[in-house]
Amino acid sequence: MNQPTLYNKEEIVVIRNLKKSFGTNHVLDDFNLTVHKGENVVVLGRSGSGKSVLIKCLVRLLEADDGEMKVFGMSIPDLSHKALDDIRARIGFLFQSSALYDSMTVLENLEFPLRRHKLRITRQEVDKLVKLALENVGLSGTESMMPSELSGGMKKRIGIARMLILNPEVMLYDEPTTGLDPITGREINHLMLEVQEKYNTSSIIISHDMNCVRRTANRVVVLLNGKCYAEGTYEDLKTSNDKNIKQFFD
Amino acid sequence: MNNPLTAWKDFFSETGDITRFAGRFFREGFLPPYEFNELLRQSFEIGYRSLPLCGVTGFIMGLVITIQSHPSMETFGTESWLPSVVSVSLVREIVPVITALICAGKIGSGIGAELGSMNVTEQIDAMEVSGTNPFKYLIVTRILSATLMVPLLVILSDTISLYGAFIGVNMKQVVSFHLYTNQIFEKLSFSDVLPSITKSFFFGFAISIIGCYKGYNTKNGTEGVGRSANMAVVISTFAVFIIDLIAAQIADILHFT
């Protein structure tokens, strides 16, 4: 198999020998991954293979059992709560369910991370940043809407706007196109590429949607039995004769 | 059916978990940063929004207890004691417990369902990655609000129930409001009000901590949300009676009887 194009750039995320188990279920077992600046890496795997666990460990929503995880050169497991919050402000996380706060309007949803991370921000600055974030995802004018009034695709976009509002350098997308129709899924893929281009972000995209993988990945990592089973470009993996890889493309 | 031994083991295990959860509240709840805005919002949601229900129930309780007590007291020729007897029963026992049970149903289930839903839809995780301690923002504020608001609801319900009792008394005889209040405060003393208000703080704390614990630890999707809300009501209702029993014993020991 061809090696993927290595970005001769700064390593933003480095994961070495990551282990995570739930009881006797070894979800991640010596998993390795490196993400370079400006790169979109898609982690491909079957449902329940530990893809979401991987990115949740990366922001310490879950504690890893063992292994090394560095983001911007800082070891995530060793960070204090304050330092972890500072790092989290530089990482955007789009949840599978979008995770918009039900009791808040779109405006309040977008304000929430701003108010938490930028304590001395003025009302005018907040309004300006919210407006810009909504413009970036093509949903201007939805400030007063409640999440229950939004479609699935709109929720994903607002989720992305909420990520963007803090200008993160790393984006973590947990199955961004799951549950969306193909057209909306394409729009979300396009939006992710736009974000990467505009903000020069590095992304880890968790997906098993092959359209999403094909459109967004600079590099694909196949997660199987808790390990990095294969890695390469979309075309590399597509032409592979390995039955474990072929099953994703058939 | 569950093995009785397993059921007891689960009961003690869950009691231990709730105690640890309460311990975390005391460890984290009083350290900065403080979430004053959220505390005010929750106090509004828990206190103000429960007020009509608690008020109407208190009024009906006052009215019904008076109407039902009247014939018995008339038999013994003691109907002139009706206001004082009814007011002591209402303030010492009936209103605090009924208000707590209403709060267990309304506040306990509301907290359990809201937090459970936030948990299964990853909103709590989203809050954490947004640089917010969800325990402080969601749990501490709700527990503090309920602990402060339930006694206030009890005081207001006490007042409304006494007004209901006044109407009840006047359905059978004519008693002026002035005479009625004189009769009430002749018998109703500080030692009746203090245990009632004190136990209301514990009612509020127990209801909210159980609701928060069940909601915060919800598993198994939407089915789990329903189960959390349901269990929050069942356990907190049971807790209200246990606290009431303990409070009665303590009041007796301290001669607040």
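Quantities reported herein were computed from a predicted structural model and do not represent experimental measurements. Throughout, protein chains are lettered first and strands after them, A, B, ... in sequence-line order, and every chain is numbered starting at 1.
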Chain B to chain A donor-acceptor contacts, backbone plus side chain, under 3.5 Å:
{"from": "B:E35", "atom 1": "OE1", "to": "A:R116", "atom 2": "NH1", "distance (Å)": "3.3"}
{"from": "B:E35", "atom 1": "OE1", "to": "A:R116", "atom 2": "NH2", "distance (Å)": "3.1"}
{"from": "B:E35", "atom 1": "OE2", "to": "A:R116", "atom 2": "NH1", "distance (Å)": "2.8"}
{"from": "B:T121", "atom 1": "O", "to": "A:S97", "atom 2": "OG", "distance (Å)": "2.9"}
{"from": "B:E122", "atom 1": "OE1", "to": "A:S97", "atom 2": "OG", "distance (Å)": "3.1"}
{"from": "B:E122", "atom 1": "OE2", "to": "A:K56", "atom 2": "NZ", "distance (Å)": "3.1"}
{"from": "B:Q123", "atom 1": "OE1", "to": "A:D102", "atom 2": "N", "distance (Å)": "3.1"}
{"from": "B:Q123", "atom 1": "NE2", "to": "A:D102", "atom 2": "OD2", "distance (Å)": "2.9"}
{"from": "B:A126", "atom 1": "O", "to": "A:Y101", "atom 2": "OH", "distance (Å)": "3.4"}
{"from": "B:M127", "atom 1": "N", "to": "A:Y101", "atom 2": "OH", "distance (Å)": "3.3"}
{"from": "B:E128", "atom 1": "O", "to": "A:R88", "atom 2": "NH1", "distance (Å)": "3.2"}
{"from": "B:S130", "atom 1": "O", "to": "A:H117", "atom 2": "NE2", "distance (Å)": "3.0"}
{"from": "B:T132", "atom 1": "OG1", "to": "A:R116", "atom 2": "NE", "distance (Å)": "3.4"}

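Shown here is B:F25, whose CZ atom has more than 12 heavy atoms of other residues, nucleotides or ligands within 6.0 Å. Open room surrounds CZ on B:F238; 12 or fewer heavy atoms of other groups in view lie less than 6.0 Å from it.
With a threshold of 4.5 angstrom between heavy atoms, A:F112 approaches chain B through side-chain atoms but not through N, CA, C or O. Residue A:I91 does not touch chain B at all, counting heavy-atom pairs closer than 4.5 Å.
The stretch residues 95-110 of chain B places none of its residues near chain A, where near means some heavy atom under 4.5 Å from a heavy atom of that chain.
Here B:Y48 pairs with B:F44 under the ring-ring contact (aromatic ring centres under 6.0 Å, His included) rule; sequence neighbours left out.
Legend: side chain to side chain donor-acceptor pair (under 3.5 Å) pairs involving residues 145-163 of chain B, not counting sequence neighbours, sorted by first then second residue: B:S43-B:S145.
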